[in-house]
Trainee: 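Before I ask anything, here is the structure I am working with.
Excluded from the calculations below are hydrogen atoms, water molecules and symmetry mates; all remaining heavy atoms, backbone and side chain alike, are included.
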Amino acid sequence: MSVPLYQAKAELFRTLGHPVRIRVLELLQDGPKPVRDLLAVIEVEASNLSQQLAVLRRARMVTSHRDGPLVMYALSTPDVADLLAAGRRILGAVLTDRDGLLDELRATGADR
């Protein structure tokens with residue numbers, strides 16, 4: 001039995017709901033990277049990074065392969081980078097609106 005589309009989307013967004021996973025995906029936008037390079041930038045224990053990479057692999061957001069002794073990770077599709085870019089745009093719009101609201105609240109507060 002297939003999962004409804006809205007449920008599949010919810011699972012996708014749950015996968016994105018961890019800061020380490022977001023950071024991994026951001027770093028992989030520049031191309032494949034070995035785990036050691038990810039560990040050098042993301043300040044977490046190796047076991048934590050491994051767990052988060054496993055979640056991303058199960059969700060098929062990243063792929064992995066061995067290159068000699070290194071395990072390399074890459075985005076599974078350029079659409080993942082597009083999704084991150086959309087998230088930045090949405091966050092920017094939300095924060096801009098929030099700043100506008102704050103300015104409006106300050107202006108109306110001065111009138112009272």
Side-chain angles (χ1 to χ4, degrees):
M1 180 175 220
S2 67
V3 175
L5 181 57
Y6 63 86
Q7 190 172 342
K9 285 181 183 179
E11 282 299 318
L12 171 71
F13 285 110
R14 270 194 285 280
T15 299
L16 295 173
H18 194 285
V20 171
R21 290 181 218 143
I22 294 291
R23 188 66 181 125
V24 165
L25 295 174
E26 288 174 343
L27 292 169
L28 294 178
Q29 289 181 94
D30 297 330
K33 297 207 176 356
V35 173
R36 69 173 185 206
D37 289 3
L38 296 171
L39 272 172
V41 177
I42 304 171
E43 297 178 8
V44 297
E45 296 292 325
S47 61
N48 187 342
L49 180 60
S50 179
Q51 289 173 345
Q52 302 311 324
L53 287 167
V55 170
L56 291 170
R57 273 194 322 271
R58 282 192 301 273
R60 296 186 175 127
M61 297 189 82
V62 299
T63 60
S64 65
H65 70 275
R66 282 205 166 278
D67 185 8
L70 302 175
V71 178
M72 302 291 293
Y73 281 86
L75 296 180
S76 61
T77 171
D79 293 333
V80 174
D82 294 343
L83 180 60
L84 293 172
R88 283 191 298 275
R89 286 191 307 273
I90 291 166
L91 187 56
V94 169
L95 293 177
T96 299
D97 288 347
R98 187 178 301 164
D99 291 344
L101 179 60
L102 183 58
D103 291 343
E104 186 177 328
L105 286 171
R106 287 182 179 148
T108 57
D111 295 339
R112 294 180 193 235

Trainee: Working to the nearest 0.5 Å, report the span between NZ of K33 and CG of L75.
Mentor: 9.5 Å

Trainee: Among residues at least two apart in sequence or on other chains, which ones pass salt bridge (charged side-chain N to carboxylate O under 4.0 Å, His left out) with R23?
Mentor: E26

Trainee: Compare every heavy atom of Q29 with every heavy atom of A81, then report the nearest pair and how far apart it is.
Mentor: CB-OE1, 3.5 Å

Trainee: List for me each residue that meets side-chain hydrogen bond (donor to acceptor under 3.5 Å, both in side chains) alongside D82, sequence neighbours excluded, and say none if there are none.
Mentor: none

Trainee: Taking only residues two or more places apart in sequence or in another chain, which ones pass side-chain hydrogen bond (donor to acceptor under 3.5 Å, both in side chains) with Q51?
Mentor: none

Trainee: T77 and V80: side-chain contact (heavy atoms from CB on, under 4.5 Å), yes or no, with the steps?
Mentor: CA-CA 6 Å; T77 171; V80 174; 3.8 Å; yes

Trainee: Starting from V35, can I reach M72 by hopping between I/L/V/M/F/W/Y residues whose side chains sit under 4.5 Å apart?
Mentor: no

Trainee: Would you mind writing out the side-chain donor-acceptor pairs for residues 56-69 within the sub-3.5 Å range, not counting sequence neighbours?
Mentor:
| residue | atom | partner | partner atom | Å |
| --- | --- | --- | --- | --- |
| R57 | NH1 | Y73 | OH | 2.4 |
| R66 | NH1 | P69 | O | 3.4 |

Trainee: Considering only distance and modelled atom types, tabulate donor-acceptor pairs under 3.5 Å from the side chains of residues 38-49, sequence neighbours left out.
Mentor:
| residue | atom | partner | partner atom | Å |
| --- | --- | --- | --- | --- |
| N48 | OD1 | Q52 | NE2 | 3.2 |

Trainee: For the CG atom of L53 and the CG atom of L28, what is their distance to the nearest 0.5 Å?
Mentor: 8.0 Å

Trainee: Donor-acceptor pairs under 3.5 Å, side chain of residues 12-20 to any protein atom, not counting sequence neighbours: which ones?
Mentor:
| residue | atom | partner | partner atom | Å |
| --- | --- | --- | --- | --- |
| R14 | NE | E11 | OE2 | 3.2 |
| R14 | NH2 | E11 | OE2 | 2.5 |
| T15 | OG1 | E11 | O | 3.0 |
| H18 | ND1 | V20 | N | 3.1 |

